[in-house]
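Take a look at the structure set out below.
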Amino acid sequence: VSVDGKPSSRMVLLKGIEDGKFKFFTNYSSRKGQELVGNPYMAMLFFWPELERQVRIEGKAGKIPGDESDIYFNSRPLESRIGAIASPQSKVISSREALEEFYNNIAQTVSPEKVVRPEYWGGYALEPDSVEFWQGRAGRLHDRIRFRKAGSNWIKERLAP
């Protein structure tokens with residue numbers, strides 16, 4: 001949610017689920033990064049239209065440790081690492097050409113081993129407090145099953161479609 005309370009969504013690449021947390025990586029200075037600073041609660045949605053299924057996960061996100069972000073950053077192709085450095089994600093830029101010039105300047109002047117994760121880039125882990133499974137059905141009588149965290153327990157609930 002933006003600072004003025006407007007809903008905001010975007011695609012992220014889920015990189016894994018570890019210890020029950022959903023991990024993704026981004027530029028901390030990006031719009032999503034700044035919005036998570038203001039409000040760490042978020043939702044993820046996975047949708048498979050052909051199967052008429054979706055899973056919605058809601059919870060609180062927090063930054064993962066820097067060493068974990070380093071490991072993932074260093075596993076990425078060199079071009080992606082340079083792109084993460086070259087792109088002031090979500091900021092207004094003067095032109096595509098300016099972005100490419102900045103990228104090319106880094107690519108041509110910095111040796112690959114010196115392309116390290118910038119402080120403004122890293123990972124988040126979403127710790128879920130609600131997971132809802134939706135299955136489409138004829139006549140709009142869809143199945144909706146939600147698991148809601150209550151303390152250290154998970155409560156299973158059936159929701160009306």
*Take Trp48 and Val55 through the side-chain contact (heavy atoms from CB on, under 4.5 Å) test and state the conclusion after the steps.*
CA-CA 9 Å; Trp48 298 273; Val55 178; 3.9 Å; yes
Atom of [X], atom of [Y] and distance for their closest heavy-atom approach:
X	Y	answer
Arg144	Ala160	NH1-O, 3.0 Å
His142	Gly136	ND1-CA, 3.4 Å
Tyr103	Gly83	CE1-N, 3.6 Å
Pro128	Ile57	CB-CG2, 3.6 Å
Ile155	Ala150	CD1-CB, 3.5 Å
Ser95	Ala98	OG-N, 3.0 Å

_Using a strict threshold of under 4.0 Å (side-chain N to carboxylate O), is an ion pair present between Lys60 and Glu127?_
no
[X] side chain near [Y] side chain, heavy-atom distance below 4.5 Å:
X	Y	result
Trp121	Ile85	no
Trp134	Pro161	no
Phe102	Ile93	no
Asp143	Phe133	no
Thr26	Val12	no
Ser90	Asn27	no

For the [atom1] atom of [X] and the [atom2] atom of [Y], what is their distance to the nearest 0.5 Å?
X	Y	atom1	atom2	answer
Lys32	Ser2	NZ	OG	15.0 Å
Leu159	Arg148	CG	CZ	9.5 Å
Met44	Glu58	CE	CD	12.0 Å
Arg117	Asn74	CZ	CG	9.0 Å
Ile82	Ser87	CD1	OG	13.5 Å
Asn104	Thr109	CG	OG1	10.0 Å

Can you give each donor-acceptor pair under 3.5 Å made by side-chain atoms of residues 16-24, sequence neighbours left out, with the distance rounded to 0.1 Å?
from  : atom 1 : to    : atom 2 : distance (Å)
Glu18 : OE1    : Lys23 : NZ     : 3.2
Lys23 : NZ     : Glu68 : OE1    : 2.6

Closer than 3.5 angstrom, by distance alone: can the side chain of [X] be matched with the main-chain N or O of [Y] as a donor-acceptor pair?
X	Y	answer
Arg31	Glu35	no
Gln34	Tyr28	yes
Ser69	Gly123	yes

If hydrophobic clusters are built from ILVMFWY residues whose side chains come within less than 4.5 Å, do [X] and [Y] share one?
X	Y	answer
Tyr124	Tyr120	no
Met42	Phe46	yes
Val110	Phe73	yes
Leu51	Val131	yes
Leu126	Tyr41	no

Answer yes or no: are there more than 12 heavy-atom neighbours, outside [X] itself, under 6.0 Å from its atom [atom1]?
X	atom1	value
Glu119	CD	no
Arg96	CZ	no
Lys91	NZ	yes

*Can you find a side-chain donor-acceptor pair between Glu113 and Ser111 that sits under 3.5 Å?*
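Looking only at side-chain atoms, Ser111 and Glu113 do form a donor-acceptor pair, the distance falling under 3.5 Å.
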*Looking at Phe25, is Lys15 sitting on its ring face, NZ or CZ under 6.0 Å from the six-membered ring centre and within 45 degrees of the normal?*
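Here Lys15 fails the 6.0 Å and 45° test against Phe25.
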*So among Arg146, Arg56, Arg53, which one has a salt bridge (Lys or Arg N to Asp or Glu O under 4.0 Å) with Glu132?*
Arg56
